[in-house]
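What follows is a single structure, written as structure tokens, with notes after it.
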Amino acid sequence: MKKLKYILVFLFVSAEVHTERRRSAKAHLNVFVFLALLLVGIGGQAQQLQTYIQEAEANNPEIQAFELRYSIAEEKVNEANWIPNTEVSAGYFVSEPETRVGAQRARIGVKQMLPWFGTITARENYAIAMADAEYVDITIAKRKLALSVAQSYYRLYAIRAKQAVLDENIQLLETYERLALTSVEVGKASAVDVLRLQIRQNELQQQKEVLEEEFTAEQTAFNNLLNRESMMTVIVVPEMEIPQEAPFYDNQALSLNPELLKYDKLYESVAQSELLNQRENLPMIGFGVDYLPVTERSDVNFSDNGKDVLMPMVSVSIPIFNNRYKSISRQNELRQQEIETQREQRLNVLESAFAKAQSQRNQARIAYNTQVRNLKQAQDAEEILVKNYETGTIDFNDVLDIQELQLKFQMNQIESVQTYYVQSAIINYLINQ
């Protein structure tokens, strides 16, 4: 009768343990299910994340500030279409000079200087080049924002996934606790084993609550990136997997990175600045007219008596003794050299970051596959321990050790998934995908 009771207890507990283990396997171990759902899971995650990124780009204050700067730069194109102020002068002769036709009473003049042909166009081209450089800043800011949103999203996913794993392990420990209580009743375990299991459950519950605090803080940071209410709920996919194969990119893809295009646009703006400098080094032409009213003479009578004077004028402004333009040309030459060296240095930094991101993504894949194998072996060990209950040789210390190993492997799996996708986001930023 006593043996029959052992068998019934074993069957009950084994069924519960295997049920919990199958739940864990379904969520974290079944690689074949992962592969079958891979396209659906990744596609849903990508679509949801893209929606958040679009919302961030539309609402983020930093992006709006960059767009305003670009609008200012565009307006400077209109500002470039200007000519020097028209000069208007007027004078009154206190002592009127006498001329043959009469005394000059005053002098009124109008003069307009005009830049050399093509100078205004050169100014506009320079302003357009500067606006293009500002537009690249918008692109860089959007891509950095998208990267920040993606990284925060994957952190939120990892926290929620870890909480789900903790829930599964707490349920599994509750099953072990019932097993231990039954063993105590039949004299196969002590109350200390039950207490150990309860302590372990308390520790897992603590970890879950700590993760909830982390999620709240990260959710606030995520919502701030989207410039919306900090306590708005962020929905993340419940499950993500690492694909079997990832696309390979070489360093040539870095050439399209906006950070490098920024230097190209700056180099072009300096070239346009030099063209403008050469135009401004050319003479300016002035046109004007002076008007002198004349008082009619009363002592003589002839045809031009009292005739006013109208004098058209042409002037030329020549920068003969001005080294300013030579200095600007030299500065532009040095500036272009500086931009070339800065671009080369930035390319080196991006190549290093690209190699590091690819390496860490590959490391995440290796770690993930290792945890899959480790978790399968830990489950096999758990199954052996549960089967040993029938012979009365179960050791709850071993049960706790195996449970702790399973939890460690599951947590490492989640971190590997998070690392993989974070590094993928960095790669996408670097290669302008």
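Applying the 6.0 Å contact sphere to NZ of K265 captures no more than 12 heavy atoms from other residues, nucleotides or ligands. Atom CD of Q54 has more than 12 heavy atoms from other residues, nucleotides or ligands within 6.0 Å. Applying the 6.0 Å contact sphere to CD of E351 captures more than 12 heavy atoms from other residues, nucleotides or ligands. The neighbour count for N348 CG, taken as heavy atoms of other residues, nucleotides or ligands under 6.0 Å away, is above 12.
In terms of heavy atoms, V184 sits closest to A191 at CG2-N, 4.0 Å. Among all heavy-atom pairs drawn from L254 and L347, the shortest one is CB-CD1, 4.5 Å. Pairing each heavy atom of M113 with each of M284, the nearest pair is CE-O, 3.7 Å. The shortest heavy-atom contact between I53 and A146 is CG2-CB, 3.7 Å. Contact record, A353 with L430: C-CD1, 3.7 Å, taken as the closest heavy-atom pair. Between V234 and Q219, the shortest heavy-atom distance links the atoms N-OE1, 3.1 Å.
D380 contributes atom CG, which lies 10.0 Å from atom CG of L375 (distance to the nearest 0.5 angstrom). Atom CG of residue L260 and atom OG of residue S255 lie 8.0 Å apart, to the nearest 0.5 angstrom. L400 contributes atom CG, which lies 9.5 Å from atom CD1 of I199 (distance to the nearest 0.5 angstrom). For the atom pair OG1 (T121) and CZ (R123), the distance works out to 9.5 Å, reported to the nearest 0.5 Å. Distance check, rounded to the nearest 0.5 Å: CG of N202 to CG of L173 gives 10.0 Å. With values rounded to the nearest 0.5 angstrom, I242 atom CD1 is found 6.0 Å from S416 atom OG.
A donor-acceptor pair under 3.5 Å is formed between the side chain of N369 and the backbone N or O of R365. No donor-acceptor distance shorter than 3.5 angstrom exists from the side chain of R279 to the backbone of T119, with no hydrogens or angles considered. No donor-acceptor pair closer than 3.5 Å links the side chain of Y325 to the backbone N or O of L282. Between the S359 side chain and the K356 main chain, no donor and acceptor come within less than 3.5 Å of each other. Side chain of S152 to backbone of S148: no donor-acceptor contact under 3.5 angstrom is found. With D290 contributing its side chain and L310 its backbone, the two residues share no donor-acceptor pair below 3.5 Å. Counting only distance, with no hydrogens or angles, the side chain of R200 and the backbone of I170 share no donor-acceptor pair below 3.5 Å. Of the possible donor and acceptor atoms, none in the side chain of N281 sits under 3.5 Å from a partner among the backbone N and O of N277. For the pair S327 (side chain) and N323 (backbone), a donor-acceptor distance under 3.5 Å is absent. Not a single donor-acceptor pair under 3.5 Å links the side chain of D308 to the backbone N or O of P293.
For the pair E340 and R343, the salt-bridge criterion is not met [side-chain N within less than 4.0 Å of a carboxylate O]. Ion pair E214/R160 not flagged as a salt bridge, since none of the NZ, NE, NH1 or NH2 atoms sits closer than 4.0 Å to an Asp/Glu carboxylate oxygen. A salt bridge does not link E62 with K144: every distance from a Lys NZ or Arg NE/NH1/NH2 to an Asp or Glu carboxylate oxygen is 4.0 Å or more.
Side-chain atoms of Q198 and E177 include a donor-acceptor pair closer than 3.5 Å. Side-chain polar atoms of Y176 and E382 form a donor-acceptor pair below 3.5 angstrom. N428 and R143 share no side-chain donor-acceptor pair at under 3.5 Å. Residues Q272 and E268 have side chains that bring a donor and an acceptor to within less than 3.5 angstrom of each other. Looking only at atom types and distance, the side chain of Q201 has no donor-acceptor partner in the side chain of Q205 under 3.5 Å away. Between the side chains of N169 and Q410, a donor-acceptor pair is found at a separation under 3.5 Å. A donor-acceptor contact closer than 3.5 angstrom is absent between the side chains of Y420 and Q363.
Under the 4.5 Å side-chain criterion, counting only non-hydrogen atoms from C-beta, E404 is not in contact with L407. Within the 4.5 Å cutoff, the side chain of M411 has heavy atoms near those of the L166 side chain. At least one side-chain heavy atom of M231 sits less than 4.5 Å from a side-chain heavy atom of T216. For the pair F287/Q112, no side-chain contact is recorded, criterion being any heavy-atom separation below 4.5 Å from C-beta on. Contact annotation: the side chain of L145 never approaches that of K142 to less than 4.5 Å [non-hydrogen atoms, C-beta and beyond]. In this structure, the side chains of Y429 and E259 come closer than 4.5 Å at one or more pairs of heavy atoms. A heavy-atom distance below 4.5 Å is found between the side chains of I83 and P115. With contacts defined as side-chain heavy-atom distances shorter than 4.5 Å, the pair L275/N125 does not qualify.
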Please list every donor-acceptor pair under 3.5 Å in which a side-chain atom of residues 63-72 meets a protein atom from a residue at least two apart or in another chain.
residue	atom	partner	partner atom	Å
Q64	NE2	N59	O	3.4
R69	NH2	E134	OE1	3.3
Y70	OH	E74	OE2	3.0
S71	OG	E67	O	3.1

Exercise for the section: Would you please test Y263 and V136 for side-chain contact (heavy atoms from CB on, under 4.5 Å) and show each step? Expected result: CA-CA 10 Å; Y263 291 108; V136 177; over 6 Å; no
Handout entry: From CA spacing to verdict: side-chain contact (heavy atoms from CB on, under 4.5 Å), K208, L211
Key = CA-CA 5 Å; K208 182 181 175 183; L211 286 174; 5.6 Å; no
Exercise for the section: Check step by step if salt bridge (charged side-chain N to carboxylate O under 4.0 Å, His left out) holds for E55 and R228. Expected result: CA-CA 10 Å; E55 183 178 352; R228 61 184 191 177; 3.5 Å; yes
Handout entry: Residues D137, K262; criterion side-chain contact (heavy atoms from CB on, under 4.5 Å); working and verdict
Key = CA-CA 7 Å; D137 281 337; K262 170 73 173 179; 2.8 Å; yes
Exercise for the section: Take V236 and Y154 through the test side-chain contact (heavy atoms from CB on, under 4.5 Å) and record every step on the way to the result. Expected result: CA-CA 8 Å; V236 296; Y154 295 136; over 6 Å; no
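Aromatic ring pairs are classed by plane angle as parallel below 30°, tilted from 30° to 60° and perpendicular above 60°; the pair Y52 and Y153 is tilted.
A cation-pi geometry, defined here as NZ or CZ lying under 6.0 Å from the six-membered ring centre and within 45° of its normal, does not hold between R107 and F93.
In summary, of the residues considered (E338, Q337, E333), a side chain to side chain donor-acceptor pair (under 3.5 Å) with R335 occurs for E338 alone. Applying side chain to side chain donor-acceptor pair (under 3.5 Å) to Q423 and the options R361, Q360, Q358 leaves one that passes, Q360.
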